[in-house]
Amino acid sequence: QVQLVESGGGSVQAGGSLRLSCVASGPPYMRSCVGWFRQTPGKEREGVASIYSENSHVVYDDSVKGRFAISQDNAENTVYLQMNGLKPEDNAMYYCAASPGVGLWSGDGCLIDYVGKYRFWGQGTQVTVSS
């Protein structure tokens, strides 16, 4: 079984930065794909970024390209999401999710469109951006 614990959320002004952390436990092969997702009330959960643990290939949603960066520290079993240039539209609960690569690895990275295929989820961390 895989467990994920997020931290690092908070309140910042527009233009500010935050770094989210996701500490994972459990068999590495069950968390080859790790993604960050976000959700606001009344809206579906959406993919933000993903990283494939075996080769560090990354995928970003167009809305965060050039502003957010996902990275991993395998020695610490931690995946980070560095968020710069935050905008009010980035307000959301952010979730870390993990899953085996089967069904998610596209050859270029782990798909973030298939939210329901990620098997393991953290409890979420709130990001609030004020204008």
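Just so it is clear, the values below take in all heavy atoms, side chains as well, and ignore hydrogens, waters and symmetry mates. Predicted model, so just to flag it, every value in this text is computed and none were measured.
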Are more than 12 heavy atoms from other residues, nucleotides or ligands located less than 6.0 Å from atom OH of Y114?
no

Neighbour count above 12 (heavy atom, 6.0 Å) for Q3 CD:
no

Are [X] and [Y] packed together at the side-chain level, in the sense that at least one heavy-atom pair is separated by less than 4.5 angstrom?
| X | Y | value |
| --- | --- | --- |
| V48 | I112 | no |
| F37 | E46 | no |
| I51 | V79 | yes |
| P100 | S32 | no |
| V127 | M83 | yes |
| L4 | V23 | no |

Is there a chain of hydrophobic side chains (I, L, V, M, F, W, Y, each step under 4.5 Å between heavy atoms) that links L20 to Y60?
yes

Could you check whether the rings of Y52 and W105 sit parallel, tilted or perpendicular, using 30° and 60° as the cut-offs?
parallel

K65 and D62 ion-paired at < 4.0 Å:
yes

Residue pair L18, L86: steps toward the side chain to side chain contact (heavy atoms under 4.5 Å, CB included) verdict:
CA-CA 8 Å; L18 286 172; L86 282 162; 4.1 Å; yes

Taking the six-membered ring for Trp, are W36 and Y94 ring centroids under 6.0 Å apart?
no

Do you know which two heavy atoms are closest between L81 and A49, and how far apart they sit?
CD1-CB, 4.2 Å

L111 and S106: which non-hydrogen atoms are nearest, and at how many Å?
CD2-CB, 3.7 Å

Test your reading of the model: is there a side-chain donor-acceptor pair from [X] to the backbone of [Y], 3.5 Å cut-off?
| X | Y | value |
| --- | --- | --- |
| S50 | G35 | no |
| D61 | V64 | no |
| D73 | T78 | no |
| T40 | K43 | no |
| Q123 | E6 | yes |
| Q82 | A69 | no |

Any chance the side chains of [X] and [Y] put a donor and an acceptor closer than 3.5 Å?
| X | Y | value |
| --- | --- | --- |
| N84 | S17 | yes |
| Q72 | S56 | yes |
| S63 | R38 | yes |

Spatial distance of atom [atom1] ([X]) from atom [atom2] ([Y]) [nearest 0.5 Å]:
| X | Y | atom1 | atom2 | value |
| --- | --- | --- | --- | --- |
| E54 | N74 | CD | CG | 10.0 Å |
| D90 | T128 | CG | OG1 | 11.0 Å |
| S7 | R19 | OG | CZ | 9.0 Å |

From R119, M30, K117, R31, residue fulfilling side chain to side chain contact (heavy atoms under 4.5 Å, CB included) relative to S99
R119

